[in-house]
Asker: 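Here it is: the structure, laid out below.
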Amino acid sequence: MLRTLTVTLSMALAAVAVPALPALAQDGPLKIEITDGVTEPMAIAIPAFHGDAEVAQRVRDVVAADLTGTGLFREIAAGAAAAPGSFGEAIAYEDWRAASAQALVSAEVTQSGDAISVKFRLYDVFAGQPQGDGMQFDARATDWRRAAHKIADQIYARLTGEQPYFDSRVAFVQEIGPKDARIKRIGVMDYDGQNILWMTDSASLVLAPQFSRDGRRLVYTSFDSGFPQIRVLDIATVSSRPLTQDANSMAFSPRFSPDGRWIVYSREQGGNTDIWLMDAASGAQRPLVQSPSIDTAPSFSPDGQRIVFESDRSGNPQLYVVGVNGGEPTRISFGDGRYGSPAWSPKGDLIAFTKQVGDRFHIATMRTDGSAEKTLTESFLDESPTWAPNGRVVMFTRVAPGGNGQPKLHSVDITGRNMRPLSLDFAASDPSWGPLMP
């Protein structure tokens with residue numbers, strides 16, 4: 001059973017009084033500029049957190065890993081300047097400037113029984129002042145990682161001006177065994193691969209879990225009846241039920257609408273595959289896109305008004321967009337190669353997809369009208385892109401070549417830089433990045 005996580009924001013801390021400093025030339029709060037060009041990582045100091053040493057060190061390490069893992073921040077070496085002796089002590093700004101630090105984090109972590117309290121402040125070293133209010137997070141001691149992600153989220157948002165994504169979860173499929181006899185089960189984990197909770201067993205084949213927008217449910221394809229059908233799973237209770245049970249058709253590739261009322265999916269019957277919509281509450285279904293071609297892999301726009309999908313109606317797989325009320329689909333991909341598995345960004349501005357050119361696979365993005373196509377990756381096999389909640393990072397499956405090649409999860413930002421494998425000690429595929437946790 002998946003436990004409920006209860007990290008709560010308890011209060012804003014008063015700003016620490018610091019000695020007056022000469023005014024520095026600065027146009028506004030410290031911000032890192034994120035562009036498609038080469039970005040010089042911001043130098044940030046994260047000295048040892050105060051308080052209970054063991055848990056404080058664990059929280060600090062997760063905060064540092066979250067921030068530096070983005071490729072946007074570079075951690076200043078420990079001991080580069082004199083760290084404050086306690087939380088709330090004045091910052092030696094001149095020393096940290098000499099160490100080339102641009103920002104500094106000060107925090108205190110205390111534990112009492114089965115609860116922890118985490119206070120933090122972010123300082124603009126160049127300006128010689130706090131950046132925004134301090135904050136305190138109270139949580140169960142077992143949820144110390146969530147408290148750390150919350151701190152990193154706050155720092156990331158203040159220094160980039162973007163929405164954060166660290167306190168989020170990813171659904172995925174664990175794969176065990178040889179390629180021709182894979183055993184699969186669905187898991188849910190923190191975005192960084194920690195705190196894995198298993199949602200299904202390995203009794204039947206499962207594919208492509210997808211989060212609802214509120215993060216409480218998953219829809220996925222199951223072969224427990226012997227052929228593909230759609231099930232929905234409640235994450236809190238780890239209980240599932242079938243949504244389709246038609247022995248004369250196959251149903252697969254489901255996704256929730258942003259409001260959770262609808263499920264769009266692919267339905268194969270009589271050798272033809274179309275796009276259908278289902279009322280998530282009543283189970284009522286209706287066709288959305290019908291043609292003699294193979295229409296599959298649908299994905300909603302974040303406003304719920306359009307759906308992008310893959311179709312071979314033009315001769316080879318391309319991407320098309322159709323309104324949620326139907327009508328004639330509009331083709332948006334026109335480059336070389338085969339396009340598939342589209343995923344609409346939560347910001348609404350981009351669509352990620354898999355592209356095959358020759359014997360190489362790519363994860364790429366384009367604007368929603370098909371313009372500004374940008375390749376992010378290249379390998380033997382990259383597939384199944386999914387977006388971080390802030391639309392900044394794409395996670396995907398990379399399969400190694402060879403008869404024993406295993407799938408692994410990787411992430412890359414939308415500039416195509418900072419590609420990273422996820423640290424898992426097993427094969428995994430079909431990621432679905434859920435929303436930011438409350």
Asker: For the residue pair Tyr191 / Asp66, report whether a side-chain donor-acceptor contact shorter than 3.5 Å exists.
Answerer: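 Yes.
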
Asker: Do the side-chain N and O atoms of Thr296 and Ser266 include a donor-acceptor pair separated by under 3.5 angstrom?
Answerer: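 Result is yes, a qualifying pair exists.
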
Asker: Taking all atoms of both residues into account, what is the closest heavy-atom pair of Thr386 and Trp433, and its distance?
Answerer: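 Nearest heavy atoms, Thr386 then Trp433: OG1-N, 2.9 Å.
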
Asker: For the residue pair Ile186 and Leu233, establish whether any side-chain heavy-atom pair is separated by less than 4.5 Å.
Answerer: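 Counting from C-beta outward, Ile186 and Leu233 never come under 4.5 Å.
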
Asker: Any heavy-atom pair between the side chains of Ile196 and Phe426 that's under 4.5 Å?
Answerer: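 Counting from C-beta outward, Phe426 and Ile196 do come under 4.5 Å.
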
Asker: Specify the closest pair of heavy atoms between Ser311 and Ser293, including all atoms of both residues, with the distance to one decimal.
Answerer: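 The answer is OG-OG, 3.4 Å.
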
Asker: Please report the closest heavy-atom contact between Arg255 and Ser299, naming both atoms and the distance.
Answerer: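 Nearest heavy atoms, Arg255 then Ser299: CD-CA, 3.6 Å.
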
Asker: Compute whether any side-chain donor of one residue and acceptor of the other, for Asp246 and Thr244, lie under 3.5 angstrom apart.
Answerer: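 The criterion, which ignores hydrogens and geometry beyond distance, is not satisfied for Thr244 and Asp246.
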
Asker: Under a 4.0 Å N-O cut-off, is there an ion pair linking Asp382 with Arg398?
Answerer: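 Between Arg398 and Asp382 there is a salt bridge, with a charged N closer than 4.0 Å to a carboxylate O.
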
Asker: About how many Å separate CD of Gln194 and CG of Leu424, when rounded to the nearest 0.5 Å?
Answerer: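 Between Leu424 CG and Gln194 CD, I get 8.5 Å after rounding to 0.5 Å.
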
Asker: Are the side chain of Arg182 and the backbone N or O of Gly177 linked by a donor-acceptor pair below 3.5 Å?
Answerer: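 A pair under 3.5 Å: yes.
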
Asker: Closer than 3.5 angstrom, by distance alone: can the side chain of Asp143 be matched with the main-chain N or O of Arg146 as a donor-acceptor pair?
Answerer: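 Such a contact is absent between Asp143 side chain and Arg146 backbone.
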
Asker: Would you say that more than 12 heavy atoms from the other residues, nucleotides or ligands in this model lie under 6.0 Å from the CG of Asp369, or not?
Answerer: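 Buried by this count: over 12 neighbours within 6.0 Å.
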
Asker: Do the side chains of Ser257 and Val264 get nearer than 4.5 Å, heavy atoms only?
Answerer: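 A side-chain contact is absent here, since even the closest heavy-atom pair is not under 4.5 Å.
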
Asker: Please check if the number of heavy atoms outside Arg216 that lie under 6.0 Å from its CZ is greater than 12.
Answerer: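 Incorrect, the count does not exceed 12.
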
Asker: Salt bridge or not for Glu75 and Arg60, using N-O below 4.0 Å?
Answerer: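 Looking at Arg60 together with Glu75, the answer is yes, because their closest N to O distance falls below 4.0 Å.
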
Asker: Does CZ belonging to Arg367 count more than 12 external heavy atoms closer than 6.0 Å?
Answerer: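 Result for CZ/Arg367: open.
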
Asker: Does a sphere of radius 6.0 Å around CD1 in Ile294 hold more than 12 heavy atoms from other residues, nucleotides or ligands, not counting ones at 6.0 Å or beyond?
Answerer: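 No, because the 6.0 Å sphere around CD1 of Ile294 holds 12 heavy atoms or fewer from other groups.
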
Asker: Indicate yes or no for a side-chain donor-acceptor contact from Gln356 to the backbone of Gly358 under 3.5 Å, with no hydrogens or angles considered.
Answerer: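 Yes, Gln356 side chain to Gly358 backbone: donor-acceptor pair under 3.5 Å.
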
Asker: List the steps, then state whether side chain to side chain contact (heavy atoms under 4.5 Å, CB included) holds for Val105 with Ile44.
Answerer: CA-CA 8 Å; Val105 179; Ile44 185 169; 4.0 Å; yes

Asker: What's the spacing between Asp192 CG and Ser423 OG if we round to 0.5 Å?
Answerer: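 Asp192 CG to Ser423 OG: 8.5 Å, rounded to 0.5 Å.
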
Asker: Is the backbone N or O of Phe166 less than 3.5 Å from a side-chain atom of Asp153, with the two atoms forming a donor-acceptor pair by type?
Answerer: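 Present.
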
Asker: Using every non-hydrogen atom in the two residues, find where Ala148 and Val63 come nearest and quote the distance to one decimal.
Answerer: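 Residues Ala148 and Val63, closest heavy atoms: O-CG2, 3.5 Å.
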
Asker: Restricting to non-hydrogen atoms, name the atom on Thr68 and the atom on Ala64 that form the minimum distance, rounded to 0.1 Å.
Answerer: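 Smallest heavy-atom distance, with atoms named: OG1-O, 2.8 Å.
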
Asker: When you measure from the centre of the six-membered ring of Tyr165, is the NZ or CZ of Arg392 under 6.0 Å away and within 45° of the axis?
Answerer: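 Verdict for Tyr165: no cation-pi partner in Arg392.
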
Asker: Between Asp413 and Asn418, do the side chains contain a donor N or O and an acceptor N or O under 3.5 Å apart?
Answerer: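 Asp413 and Asn418 do not have a side-chain donor-acceptor pair below 3.5 Å.
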
Asker: Is it true that a side-chain atom of Asn272 and a backbone atom of Ser291 form a donor plus acceptor pair closer than 3.5 Å?
Answerer: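 Such a contact is found between Asn272 side chain and Ser291 backbone.
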
Asker: Is the shortest side-chain heavy-atom distance between Val321 and Trp344 below 4.5 Å?
Answerer: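 Sidechains of Trp344 and Val321: in contact.
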
Asker: Run the ring pair (Phe, Tyr, Trp, His ring centres under 6.0 Å) check on Phe120 and Phe49 step by step: do they pass?
Answerer: CA-CA 9 Å; Phe120 90 96; Phe49 287 1; 8.7 Å; no

Asker: Hey, does Asp274 have a side-chain heavy atom less than 4.5 Å from the side chain of Pro287?
Answerer: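 Of all side-chain heavy-atom pairs linking Asp274 with Pro287, none is under 4.5 Å.
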
Asker: Has the side chain of Asp124 got a donor or acceptor atom that lies under 3.5 Å from a matching backbone atom of Leu30?
Answerer: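 Present.
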
Asker: Can you tell me how far CG of Leu122 sits from CG of Asp133, rounded to the nearest 0.5 angstrom?
Answerer: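 It comes to 11.5 Å.
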
Asker: Output yes when a side-chain donor or acceptor of Glu268 lies under 3.5 Å from a complementary backbone atom of Gly271, and no otherwise.
Answerer: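 Yes; judged by distance alone, with no hydrogens or angles, the pair exists.
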
Asker: Are the side chains of Gln136 and Ser117 in touch, meaning some heavy atoms are under 4.5 Å apart?
Answerer: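 SC-SC contact between Gln136 and Ser117 confirmed.
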
Asker: Answer with yes or no whether the side chains of Ser240 and Arg231 bring together a donor and an acceptor at under 3.5 Å.
Answerer: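 Present: a donor and an acceptor within the cut-off.
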
Asker: Determine, step by step, whether Tyr320 and Arg313 satisfy the side chain to side chain contact (heavy atoms under 4.5 Å, CB included) criterion, reporting the C-alpha distance in whole Å, the side-chain angles of both residues, the deciding distance to 0.1 Å, and the verdict.
Answerer: CA-CA 10 Å; Tyr320 291 79; Arg313 64 185 60 202; 3.2 Å; yes

Asker: Looking at CZ of Arg213 and CZ of Phe256, how far apart are the two atoms once the value is rounded to the nearest 0.5 Å?
Answerer: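 Interatomic distance, Arg213 CZ to Phe256 CZ, rounded to 0.5 Å: 12.0 Å.
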
Asker: Between Ser341 and Glu310, is there a side-chain donor-acceptor contact under 3.5 Å, judged purely by atom types and distance?
Answerer: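 No donor-acceptor contact under 3.5 Å links the two side chains.
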
Asker: Can you tell me how far the CD1 atom of Ile116 sits from the OG1 atom of Thr110, to the nearest 0.5 Å?
Answerer: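 Interatomic distance, Ile116 CD1 to Thr110 OG1, rounded to 0.5 Å: 8.5 Å.
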
Asker: Answer yes or no: is there an ion pair linking Lys184 with Asp430, defined by an N-O contact shorter than 4.0 Å?
Answerer: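 Judged by the 4.0 Å cut-off on N to carboxylate O distance, Lys184 and Asp430 do not form a salt bridge.
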
Asker: Looking at Arg286, I'd like to know if its CZ atom is crowded, meaning that more than 12 non-hydrogen atoms belonging to other residues, nucleotides or ligands lie closer than 6.0 Å.
Answerer: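 More than 12 heavy atoms, drawn from other residues, nucleotides or ligands, come within 6.0 Å of this atom.
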
Asker: Would the distance check show the side chain of Ser432 and the main-chain N or O of Phe211 forming a donor-acceptor pair, the cut-off being under 3.5 Å?
Answerer: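 Between the backbone of Phe211 and the side chain of Ser432 there is a qualifying donor-acceptor contact (under 3.5 Å).
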
Asker: Calculate, to the nearest 0.5 Å, the distance between atoms CE and CH2 belonging to Met189 and Trp198 respectively.
Answerer: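 Separation between the atoms: 8.5 Å.
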
Asker: Going by the side-chain hydrogen bond (donor to acceptor under 3.5 Å, both in side chains) test, name the single residue among Lys355, Arg331, Gln318 that passes it with Tyr339.
Answerer: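 Answer to the side-chain hydrogen bond (donor to acceptor under 3.5 Å, both in side chains) test with Tyr339 among Lys355, Arg331, Gln318: Lys355.
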
Asker: Given Arg306 and Val308, is the side chain to side chain contact (heavy atoms under 4.5 Å, CB included) satisfied, shown in steps?
Answerer: CA-CA 7 Å; Arg306 293 176 291 169; Val308 61; over 6 Å; no

Asker: If you compare all heavy atoms of Ser253 against all heavy atoms of Thr221, which two are closest, and at what distance to 0.1 Å?
Answerer: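 Result for this residue pair: N-OG1, 3.4 Å.
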
Asker: Do the side chain of Ser212 and the main chain of Arg217 share a donor and acceptor less than 3.5 angstrom apart?
Answerer: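 The answer is yes, because a donor-acceptor pair under 3.5 Å joins these two groups.
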
Asker: Within the structure provided, determine whether Thr354 and Pro385 are in side-chain contact (heavy-atom separation under 4.5 Å).
Answerer: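 Yes, close enough: below the 4.5 Å cut-off.
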
Asker: Determine, stepwise, if the pair Ser333 / Met366 fulfils side chain to side chain contact (heavy atoms under 4.5 Å, CB included).
Answerer: CA-CA 9 Å; Ser333 63; Met366 63 171 63; 4.0 Å; yes

Asker: Find out whether Thr200 and Arg185 are in side-chain contact, i.e. whether some heavy atom of one side chain is under 4.5 Å from a heavy atom of the other.
Answerer: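 They are in contact (side-chain heavy atoms under 4.5 Å apart), so the answer is yes.
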
Asker: Are there over 12 heavy-atom neighbours, none belonging to Gln163, within less than 6.0 Å of that residue's CD?
Answerer: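 Open: at most 12 neighbouring heavy atoms sit under 6.0 Å from CD of Gln163.
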
Asker: Between Trp387 (side chain) and Ala343 (backbone), is there a donor-acceptor pair under 3.5 Å?
Answerer: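 Flag set: sc Trp387 to bb Ala343 pair under 3.5 Å.
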
